[in-house]
Amino acid sequence: MTDLPAQKLLYIKTYGCQMNVYDSERMTDILRPLGYGVTETPENADLVVLNTCHIREKATEKVYSELGVLRRLKEDKASSGGQMTIAVAGCVAQAEGSEIMRRQSAVDFVLGPQSYHRLPEMIARAHRASGEVLAADFAADEKFDALPLERQPGGVTAFLTVQEGCDKFCTFCVVPYTRGAEYSRPVEAVLAEARGLAAQGVREITLLGQNVNAYGAGREEGGLAGLVERLAQISGLDRIRYTTSHPRDMDEALIAAHGTQAALMPYLHLPVQSGSDKILKAMNRDHTAADYLALIERIRAARPDIALSGDFIVGFPGETEADFEATLDLVRATRYASAFTFKYSRRPGTPASGMGAQIDEAVKDERLARLNALLEDQQKAFNAAMVGRTVPVLIEREGRHAGQILGRSPYLQAVHAEGPKSLIGQIVPIRIEAAARMSLSGVLATVPA
Ligand code: 5AD
Ligand code: SF4
């Protein structure tokens with residue numbers, strides 16, 4: 001089962017040409033996976049779409065008079081506790097745009113013929129605007145939309161949630177529907193919590209958010225870079241990390257901070273999902289492969305040794321062998337230190353779940369194996385390059401074997417060494433002697449007094 005059960009009613013009224021009839025069918029197809037079944041009358045509809053035509057005289061006035069009728073239906077529905085979303089699509093929408101919303105306030109949104117793929121996004125935004133909670137329709141999926149659990153205080157590292165929600169509407173993802181709009185906690189609240197953690201002995205914090213680098217967007221306080229700068233002033237807090245970021249929100253100030261803020265660790269999780277422009281477009285990522293590579297170049301100019309990590313989806317609907325190879329090319333060009341890879345899975349209610357050209361499981365498996373092999377080679381190479389270097393390691397706990405201590409390098413690699421547990425909570429130099437794919441081992445470079 002890939003669609004949500006039909007539980008909402010869609011009424012589409014189509015004006016004009018054969019093209020509009022076709023478009024109305026497409027809109028119905030796009031909305032079916034979201035749980036919309038078609039109704040022939042507007043009275044009980046949850047969503048009404050007027051698919052308009054501009055050609056005939058008086059067409060626009062006809063639309064306005066129809067909207068007048070719909071407004072009354074919407075009011076009736078609201079007074080009995082229901083909700084009706086009204087959208088105007090087609091050529092009148094294209095031509096009149098926001099004029100329609102100005103003249104008829106019952107209209108929730110308008111969209112032109114080029115934007116039908118954005119219907120689910122527009123509906124979700126309209127629902128958000130009216131305060132409706134969308135999460136009930138979606139089964140939560142820990143694998144894809146859960147943030148790492150908050151760690152219990154008491155350790156030397158801690159997570160701190162600074163941002164929630166997502167406004168990006170990638171077509172494969174449920175987060176914008178389940179978690180709602182992007183929201184950033186106030187700076188002072190974050191600073192207070194961070195001071196509290198530092199007072200308890202926390203030396204490293206990881207700032208969390210579904211779109212953490214959109215932190216403070218639209219506010220005056222300097223975004224995530226500004227927050228990092230202020231956190232870095234908290235005594236005892238020596239290391240700051242953040243995850244997860246979207247390429248679109250990687251602004252100049254944050255890039256620069258990687259070069260100027262010593263506390264900001266040289267590690268960046270920056271998902272790209274695919275290296276094919278065609279697939280990136282179908283995913284609604286709003287960037288190309290070249291944009292991403294140019295961004296990586298700027299980040300490396302600010303911080304040449306940065307460890308890069310990413311998320312990848314193989315087997316998105318319509319992905320050809322050439323599209324997949326474009327992903328491999330992007331990986332080769334980027335050189336990752338680590339990565340998370342996923343086979344595309346249809347999430348009911350998301351636009352991609354209703355797309356044609358779904359990919360065979362066997363093909364997905366084969367692509368995933370090839371991508372993983374390449375990324376594993378890169379991870380091994382990144383780790384192997386550490387051998388012989390001395391790196392500052394924040395010791396977090398005792399290791400599995402007696403006399404062993406375990407911590408993390410600035411690049412988030414697990415590092416173990418022989419040493420006393422009294423070093424837990426300290427940052428000590430360790431000379432790396434051996435590297436495996438998932439961890440490094442070494443010896444204390446200077447034995448502290
Ligand atoms: N199918 C496969 N991978 C997905 N992700 C999110 N939704 C899906 C899906 N439907 C992956 C993306 C995202 C990560 C957290 O999970 O790569 O960045
Ligand atoms: Fe989902 Fe991340 Fe895309 Fe938001 S940016 S829709 S959370 S994959």
Side-chain angles (χ1 to χ4, degrees), residues 1-4 33-34 117-118 120-125 128 134-135 138-149 161-184 208-215 217 224 242-250 268-276 279-287 291-292 295 308-319 324 327 330-331 336 338-355 358-361 363-365 367-368 371-372 375:
M1 193 207 73
T2 56
D3 297 353
L4 291 173
L34 280 80
H117 62 286
R118 292 185 61 213
E121 169 179 346
M122 305 293 274
I123 295 167
R125 287 185 193 278
R128 280 179 183 178
L134 295 151
F138 288 85
D141 186 330
E142 294 284 310
K143 190 163 131 203
F144 297 134
D145 66 4
L147 290 168
L149 288 176
T161 300
V162 300
Q163 183 275 338
E164 278 184 76
C166 177
D167 287 344
K168 305 297 187 294
F169 291 93
C170 298
T171 54
F172 51 80
C173 184
V174 294
V175 168
Y177 308 95
T178 54
R179 304 277 160 144
E182 284 177 6
Y183 164 80
S184 299
L208 290 183
Q210 234 94 36
N211 271 273
V212 72
N213 61 341
Y215 177 81
L224 190 62
Y242 60 95
T243 196
T244 276
S245 297
H246 194 293
R248 275 199 249 177
D249 295 319
M250 208 62 213
L268 177 62
H269 181 64
L270 195 64
V272 65
Q273 314 294 357
S274 169
S276 152
I279 297 296
L280 288 168
K281 188 151 188 256
M283 288 176 163
N284 193 30
R285 291 287 295 176
D286 212 31
H287 60 76
D291 293 337
Y292 183 83
L295 179 58
L308 291 167
S309 164
D311 290 346
F312 298 89
I313 295 177
V314 300
F316 186 83
E319 186 188 72
F324 173 67
T327 299
L330 179 142
V331 170
Y336 287 93
S338 68
F340 300 90
T341 57
F342 304 90
K343 282 193 286 180
Y344 171 69
S345 91
R346 291 168 98 163
R347 305 301 317 283
T350 57
S353 72
M355 288 179 186
Q358 297 283 332
I359 305 299
D360 241 42
E361 276 310 299
V363 174
K364 286 186 201 169
D365 284 332
R367 288 181 187 164
L368 186 69
L371 178 60
N372 281 343
L375 286 163

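When a ligand or atom number is given, it counts from 1 through the structure's own listing order. Both backbone and side-chain heavy atoms feed into the values below; hydrogens, waters and symmetry mates do not. Keep in mind that what you see is a predicted model, and the values were worked out from it rather than measured.
- Selection from C170, P271, G165 by nearest heavy atom to atom 6 (S) of ligand 2 gives C170.
- Within the listing of ligand 1, atoms 12 (C), 13 (C), 17 (O), 18 (O) sit less than 4.0 angstrom from a heavy atom of Q273.
- Among the candidates I313, V363, I279, the single residue satisfying the side chain to side chain contact (heavy atoms under 4.5 Å, CB included) test with E319 is I279.
- Less than 4.0 angstrom separates some heavy atom of N211 from each of these atoms of ligand 2: 4 (Fe), 5 (S).
- Listed here is the closest heavy atom pair of Y344 and K364: O-NZ, 2.8 Å.
- Within ligand 1, the atoms closer than 4.0 Å to a non-hydrogen atom of Y344 are 1 (N), 2 (C), numbered from 1 in the order shown.
- Residue P176 approaches ligand 2 through these ligand atoms, each under 4.0 Å from one of its heavy atoms: 6 (S).
- By the 4.5 Å heavy-atom criterion applied to side chains, F316 and M355 are counted as neighbours.
- For the residue pair T341/N372, the side-chain donor-acceptor check at 3.5 Å is satisfied.
- A donor-acceptor pair shorter than 3.5 Å can be found between the side chains of H269 and D311.
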Practice prompt. List the steps, then state whether side chain to side chain contact (heavy atoms under 4.5 Å, CB included) holds for V331 with L375.
Written response: CA-CA 8 Å; V331 170; L375 286 163; 3.6 Å; yes
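- By the 4.5 Å heavy-atom criterion applied to side chains, S274 and M283 are counted as neighbours.
- Counting only heavy atoms of the protein, atom 1 (Fe) of ligand 2 lies nearest to C173 SG, 2.3 Å.
- Note: an N/O pair closer than 3.5 Å links D311 and ligand 1 by distance alone.
- On a distance-only criterion, F172 and ligand 1 share at least one N/O pair closer than 3.5 Å.
- The shortest heavy-atom distance from R346 to ligand 1 is not under 4.0 Å.
- If you look at Y242 and Y215, their ring centroids are not closer than 6.0 Å.
- The distance from ligand 1 to the heavy atoms of R347 drops below 4.0 Å at these ligand atoms: 10 (N).
- Using a 4.0 Å cut-off to heavy atoms of F169, the atoms of ligand 2 that qualify are 6 (S).
- Shown in contact with F172 at under 4.0 Å from a heavy atom are these atoms of ligand 2, numbered in order with element: 8 (S).
- Between N211 and K168 there is a side-chain heavy-atom pair separated by less than 4.5 Å.
- Every atom of ligand 2 with a heavy atom of H246 under 4.0 Å away is listed here by number and element: 5 (S).
- Within a 4.0 Å radius of atom 4 (Fe) of ligand 2, the protein contributes at least one heavy atom.
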